[in-house]
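Right, one structure below, let's go through it.
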Protein chains: 2
Amino acid sequence: MTRRLAEVAKKVGVSEATVSRVLNGKPGVSEATREAVLTALDVLGYERPTQLRGDRARLVGLVLPELQNPIFPAFAEVVGGALAQQGFTSLLCTRTLGGVSEADYVDLLLQQQVSGVVFAGGFYAQADAPHGHYELIQERKLPTVLVNAAVDHLGFPQVSSDDYVAAEMAIGHLRALGHRRIGMVLGPRDHIPSRRKLEAFLAAEEADPGLVEHTMFSLEGGHAAATKLVNAGVTGIVCASDILALGAIRAVRRAGLSVPDEVSVIGYDDSAMMNCTDPPLTTVRQPIDAMGRAAVDMLVALIEHAVVPADELLFEPELVVRASTARARI
Amino acid sequence: MTRRLAEVAKKVGVSEATVSRVLNGKPGVSEATREAVLTALDVLGYERPTQLRGDRARLVGLVLPELQNPIFPAFAEVVGGALAQQGFTSLLCTRTLGGVSEADYVDLLLQQQVSGVVFAGGFYAQADAPHGHYELIQERKLPTVLVNAAVDHLGFPQVSSDDYVAAEMAIGHLRALGHRRIGMVLGPRDHIPSRRKLEAFLAAEEADPGLVEHTMFSLEGGHAAATKLVNAGVTGIVCASDILALGAIRAVRRAGLSVPDEVSVIGYDDSAMMNCTDPPLTTVRQPIDAMGRAAVDMLVALIEHAVVPADELLFEPELVVRASTARARI
DNA sequence: CCTATTCACGCAAGAATTTGCAAGCACTTG
DNA sequence: CAAGTGCTTGCAAATTCTTGCGTGAATAGG
């Protein structure tokens with residue numbers, strides 16, 4: 001007779017109502033009682049009936065590292081739109097300075113009983129960052145999709161642009177324009193997409209490992225890194241993001257040289273407005289539209305208990321030639 | 001059971017009242033007694049009941065219309081950061097095409113029991129949009145702050161940039177450069193900030209009401225509106241957002257003219273990267289940092305039951321002169 | 001030695017929070 | 001399609017905490 005919820009209630013010695021409130025994170029339950037109920041829930045191995053997720057919440061968390069780089073808002077729009085079409089509502093969570101960490105957001109999302117989570121540019125992309133919260137997600141079997149390269153051992157499905165091919169494209173373009181002394185500005189050393197780009201760089205002909213700079217993903221970082229490369233005499237710079245490229249352009253100009261006449265610069269992402277910059281930025285486009293849709297499709301499949309292999313779906317980037325690259329001067 | 005406060009009182013041999021006073025740092029307790037109570041509190045492991053109003057999560061909703069215009073992500077970062085400093089977590093909600101409406105988000109946020117909501121650029125700014133969901137918020141007495149001009153009859157506190165002054169600054173700058181035939185590109189007719197800018201425009205000397213165009217807030221909208229103005233022979237264009245201004249620049253060039261040599265263009269917002277555009281955009285900066293902080297301060301005050309007048313706090317914008325404006329040719 | 005003043009503290013009213021009851025809702029089953 | 005199960009939620013009672021006020025003790029001054 002006493003089914004699930006009632007059983008738990010009896011064990012703790014409270015009413016079903018209270019257990020219900022705890023389960024739904026509702027206010028009006030004392031900390032002590034909440035704790036007790038949570039424990040009993042755990043001990044008795046309570047599993048909430050399945051259709052609750054499907055009907056009530058239909059919430060999906062979208063965790064982004066920042067919003068300064070326009071690629072992230074753009075991605076948020078794509079994913080949010082695609083989710084909306086499938087009847088899901090997205091909750092956007094961004095790490096803020098000195099504020100909420102990725103792990104905190106994971107706790108929050110679990111507490112709010114989201115149906116799934118999409119991560120983009122998170123800690124999973126950095127080898128040396130903490131990954132404990134991803135394990136928590138796996139324990140709870142929360143549907144999750146990662147966007148862009150991750151460290152190996154997390155078994156989530158992934159949707160990525162092919163960083164290796166992107167770097168090849170950028171380098172190939174510069175070489176075709178006659179550049180021989182090519183530098184690269186990458187993100188942190190433990191950043192997986194940057195590592196993949198580095199691989200492609202080192203595999204290219206005449207690559208000089210001394211012309212690789214690691215930095216933070218910011219305009220200032222790009223500026224600093226590019227300054228070193230310019231001093232080392234490069235005529236072409238491949239950057240791991242458009243923001244870095246804008247910083248690089250600034251550095252080149254600060255050195256009294258011109259873009260693209262004396263130094264060519266290539267970005268990565270093709271964020272919005274890169275055709276309005278001075279000069280319009282040559283860049284390698286991430287197909288964020290397709291990637292966003294794919295990520296949502298996979299996530300929805302996971303939510304609907306389909307079996308989705310924890311593979312990495314690689315998307316082909318696309319070279320967008322604008323005016324920040326030109327034939328190398330002889 | 002844990003007769004919480006009473007138990008401690010008994011252990012120390014004082015009344016509950018005294019323990020309560022110690023807990024709240026109230027005067028009227030001798031140092032010796034205070035010490036004793038504190039010790040007992042520690043020994044018995046007393047835990048304060050959850051004082052935090054209603055919700056444990058300390059969540060705040062941040063509702064934005066879109067993320068394409070970089071001013072919104074920028075604002076989200078400011079508000080998110082300021083909230084994080086105060087111990088709140090922000091949930092970012094953006095209206096997506098064909099997706100979730102503002103009213104849906106309000107329902108969702110109410111359901112998730114957020115502590116408060118910050119709206120920026122929402123329906124409240126448009127006279128003809130539905131406003132029913134704001135009434136719902138008022139009924140529930142949910143702490144709420146609006147950013148930038150709203151229709152009159154919603155009694156929420158507001159934090160705005162002074163649109164009138166902003167337009168005056170822009171027009172004054174162009175007139176000082178010798179421009180006489182000045183056009184204006186605004187948002188929709190029912191958009192309150194645009195109306196305020198229009199007022200300032202019409203109040204200026206030699207203003208021609210025929211040189212005002214209303215359009216959507218998009219690059220394409222700016223392009224279309226500016227094309228008409230260029231055909232009407234303006235030498236200066238004031239835009240209601242940076243995105244509109246970028247569209248306007250494109251339109252001017254499409255007409256075979258140069259910015260700023262033949263037509264000057266001024267934006268509004270001073271979003272990120274407007275110093276990297278071609279030409280670097282002269283614009284009127286919204287002090288989003290100060291505004292975001294003020295909005296958060298007000299919201300937190302509301303959440304803590306302080307009385308905050310439902311006034312509009314007007315922030316002074318700032319003219320940022322770059323290279324999209326120049327002296328008018330004679 | 002008596003009285004005024006101050007201070008700590010408890011009483012009890014009252015404010016706030018927690019909790020259970022029972023009605024209500026969503027979904028399943030006969 | 002009605003009856004049943006399991007969960008949620010409005011409401012009011014119960015519990016727990018806060019605070020104004022008054023009492024009594026200690027202290028100081030007369």
Side-chain angles (χ1 to χ4, degrees), chain A residues 1-41 44-59 87 111-113 115 304-305, chain B residues 1-41 44-58 107-115 136 139-143 303-307:
Chain A
M1 45 179 257
T2 42
R3 318 284 170 179
R4 318 296 250 132
L5 194 147
E7 205 171 277
V8 176
K10 199 168 173 186
K11 167 115 183 173
V12 190
V14 294
S15 71
E16 294 177 35
T18 305
V19 179
S20 170
R21 277 184 269 258
V22 171
L23 277 168
N24 297 306
K26 290 283 168 70
V29 182
S30 74
E31 198 52 42
T33 309
R34 186 181 297 272
E35 204 96 334
V37 171
L38 249 18
T39 307
L41 244 29
L44 296 179
Y46 176 89
E47 275 180 43
R48 56 174 41 236
T50 44
Q51 82 271 16
L52 284 177
R53 277 191 184 161
D55 197 67
R56 248 179 60 81
R58 308 236 346 145
L59 276 179
Q111 162 105 35
Q112 300 289 327
Q113 324 210 199
S115 310
E304 284 163 2
H305 303 291
Chain B
M1 309 292 189
T2 41
R3 286 275 181 279
R4 305 308 236 138
L5 195 148
E7 198 174 272
V8 176
K10 199 169 173 185
K11 168 114 183 174
V12 189
V14 295
S15 72
E16 295 177 33
T18 305
V19 180
S20 171
R21 276 185 268 260
V22 172
L23 276 169
N24 297 306
K26 290 280 167 70
V29 183
S30 71
E31 202 47 48
T33 311
R34 187 179 296 272
E35 203 98 338
V37 171
L38 249 18
T39 308
L41 245 29
L44 295 179
Y46 176 85
E47 273 179 47
R48 255 171 191 279
T50 39
Q51 291 197 324
L52 298 179
R53 185 74 191 154
D55 25 40
R56 275 165 27 88
R58 313 243 314 160
D107 282 347
L108 177 73
L109 292 171
L110 284 172
Q111 162 115 36
Q112 299 289 328
Q113 324 217 203
V114 296
S115 310
L136 187 63
E139 277 172 29
R140 301 273 200 109
K141 299 207 174 92
L142 185 65
I303 290 172
E304 284 163 2
H305 303 290
V307 178

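Chain naming here is simple, since letters A, B, ... match the order of the sequence lines and numbering starts at 1 in each. Fair warning: this is a prediction, and the values are worked out from it, not measured in the lab.
- Just one of A:Leu5, A:Val8, A:Leu38 meets the side-chain contact (heavy atoms from CB on, under 4.5 Å) condition when paired with A:Leu23; it is A:Leu5.
- One can place CG of B:Leu23 at 12 Å from C1' of D:dT16, the figure rounded to the nearest angstrom.
- The CD atom of A:Glu35 sits 16 Å away from the C1' atom of C:dT18 (whole-angstrom rounding).
- Separating the CG atom of A:Leu5 from the P atom of C:dG24 is a distance of 20 Å, rounded to the nearest angstrom.
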Close N or O pairs between protein and nucleotides 7-9 of chain C (under 3.5 Å):
residue: C:dC9; atom: OP1; partner: B:Ser30; partner atom: OG; Å: 3.4
residue: C:dC9; atom: OP1; partner: B:Thr33; partner atom: OG1; Å: 2.4
residue: C:dC9; atom: OP2; partner: B:Ser30; partner atom: N; Å: 2.9
residue: C:dC9; atom: OP2; partner: B:Ser30; partner atom: OG; Å: 3.3
residue: C:dC9; atom: OP2; partner: B:Thr33; partner atom: OG1; Å: 3.0

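- Straight-line distance from the CD atom of A:Glu16 to the P atom of C:dG24: 17 Å, rounded to whole Å.
- None of B:Val29, B:Val14, B:Val37 except one satisfies the side-chain contact (heavy atoms from CB on, under 4.5 Å) rule with B:Arg21; the exception is B:Val29.
- Looking at B:Val12 and B:Val19, their side chains never come closer than 4.5 Å, going by heavy atoms from C-beta outward.
- Legend: residues meeting side-chain hydrogen bond (donor to acceptor under 3.5 Å, both in side chains) with A:Thr39, ordered by chain and number and at least two apart, are absent.
- Within the 4.5 Å cutoff, the side chain of B:Glu31 has heavy atoms near those of the B:Arg34 side chain.
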